[in-house]
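Indexing begins at 1, ligand by ligand and atom by atom, following the structure's order.
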Amino acid sequence: MKKKASDFRYNTGDTKVPWPAVGENYNAADLMEVIRFLMKGEGPEYEKRLKEVAEKIYALDEVSEPPAKLSLDVKVQEAEACVDKYLHTEGSLFTTNCTSGFEIAYKYANLGPGDEVIVPAITFIATMAYPLAVGAKLVFCDIAPDTINMDPEDLERKITPRTKMIVPVHIGGYPCDMDRIMEIAHKHDILVLEDAAHAFGAKYKGKMVGTIGDFGGFSFHEVKNITSFGEGGILCTSIDSFRPYMARSRFFGTTFERKIKDWLYDVDAMPGKYGKFVAANYSTTEIQAIGLKLQVARIDKIIAKRRAAAEYLNKRFADCDAIIPQPIGKDVEPTFHLYLLQIDPQKAGGDVQVLKKKLEEKGVTNIPHFGPLYRFNLLKEYGYDPDEIAKTCPVCEEVFYHRFTHLPLYGLTDEQFKYMADAILESVKEMQAGK
Ligand SMILES: *Cc1c(COP(=O)(O)O)cnc(C)c1O
């Protein structure tokens, strides 16, 4: 019988009666199902080769051991070290997903009823779910028309004495105007959480995006530029006094360095900016960590490929003055998670709804990935009035309903990119001709 290694709780060494700490382990049959899932196929040739793999896996099983731990161990540490090296940070935390990392940052702000959090009008629900859940008030900042990122001028207007957090979102991987946002935040002593879900690897004036604010959160969900087997996030902080508590904030605030009498460990409250908080469980698996480490090593190549695709589209659209190109950036380096396709409705002879329809007819998938959050029923259910909020976000209304959609930038062939560019130019021509 194979001897299972102990985990941190039951490190019993070579006792006569060991305590196998790990629950039921994965066996060769389980692993074969994972391989079948990750490397899909069908037909006799596929089945033949899969059978060959199965034979080898079963043979390997006879001479191998299962890992001691499946959660929060050396692989997680290795992945975090890679991320720290890449971001020039210290103590970055690999969490279940980006949203759970946000929660740690929000908890650090001791967010509760009466507090206000300023988020951009256009983002994903993940940005604002926690503040809403704990009874804080969401204040929607209007967007800058060229990038659809938070507009610092409107941000300044929306600050009140109750503003506790500002959450800029680098939409599509295009960096926000962080200098202005940080200047405003410092002036009013407000915490900044960068939603860098799309922006792992983006740079703003030479600094890594996500490391400029007090906290930065990245997502490795399967739809982002890189993924840690489907889910995962990184939270980093520039608050030195909180960094030693990051890892413990991911797992209930436990400590094994100090134990309560006659027991295994102790649990502390975590120190927030204005008081303490109770940590929760946002642990990641060793498998997720293997995925993250491998893909972080590829990120620069992925961004370069996406940039080339965006540059190609911009070049194709250069002679069409009805199309506003995706900003490439002078002192910023975006990740090109999405291509922001915008039109000038006057010059195009119609708005983006017409264009979207034409593109669909030509078989080109375009999706405005993010819309005005205050339009969700959820907000209404919590007493927000969408029409009143819309009046405070006029650019968001105009840009979302009339001017923009998103195009894919990755995984397409040269022919597909060419077809997409042709279809867009043709559609705009048709609109201009009143067709
Ligand atoms: C994907 C996304 C998130 C959340 O990331 P998860 O890893 O899925 O939790 C947050 N903000 C934005 C803008 C996103 O697109």
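For atom 7 (O) of ligand 1, the closest non-hydrogen atom of the protein is S219 OG, 2.7 Å. Closest protein heavy atom to atom 11 (N) of ligand 1: D195 OD2, 2.7 Å. Among protein heavy atoms, atom 15 (O) of ligand 1 sits closest to H198 NE2, 2.6 Å.
Atoms of ligand 1 lying under 4.0 Å from at least one heavy atom of A126, given by number and element, are 3 (C), 4 (C), 10 (C). The ligand atoms of ligand 1 that sit less than 4.0 angstrom from a heavy atom of T123 are 13 (C). Within ligand 1, counting atoms from 1 as listed, the ones closer than 4.0 Å to a heavy atom of F370 are 15 (O). When each atom of ligand 1 is checked for a heavy atom of F124 under 4.0 Å away, the hits are 2 (C), 3 (C), 12 (C), 13 (C), 14 (C), 15 (O). Counting atoms of ligand 1 from 1 in the listed order, those under 4.0 Å from a heavy atom of V169 are 13 (C).
Side-chain contact between S249 and K107 is absent, with no heavy atoms from C-beta onward closer than 4.5 Å. Between I212 and Y204 there is a side-chain heavy-atom pair separated by less than 4.5 Å.
Between H198 and the choices H406, H369, H337, the ring-ring contact (aromatic ring centres under 6.0 Å, His included) rule is met once, by H337.
Ring geometry, F256 versus Y265: the interplanar angle falls from 30° to 60°, so the pair is classed tilted. Ring orientation note: the planes of F220 and F218 are close to parallel, at an angle under 30° on the 30°/60° scale.
Looking at H221, K224, H369, it is K224 that brings a heavy atom closest to atom 1 (C) of ligand 1.
Residue-to-ligand polar distances keep A197 apart from ligand 1: every N/O pair is separated by 3.5 Å or more.
Proximity of T99 to ligand 1, defined as any heavy-atom pair under 4.0 Å, is shared by backbone and side chain alike.
Distance alone, capped at 3.5 Å, places no donor-acceptor pair between the N97 side chain and the E231 backbone.
For Y374 and Y384, the gap between ring centers reaches or exceeds 6.0 Å.
Atom OH of Y46 sits in a crowded spot, with more than 12 heavy atoms from other residues, nucleotides or ligands closer than 6.0 Å.
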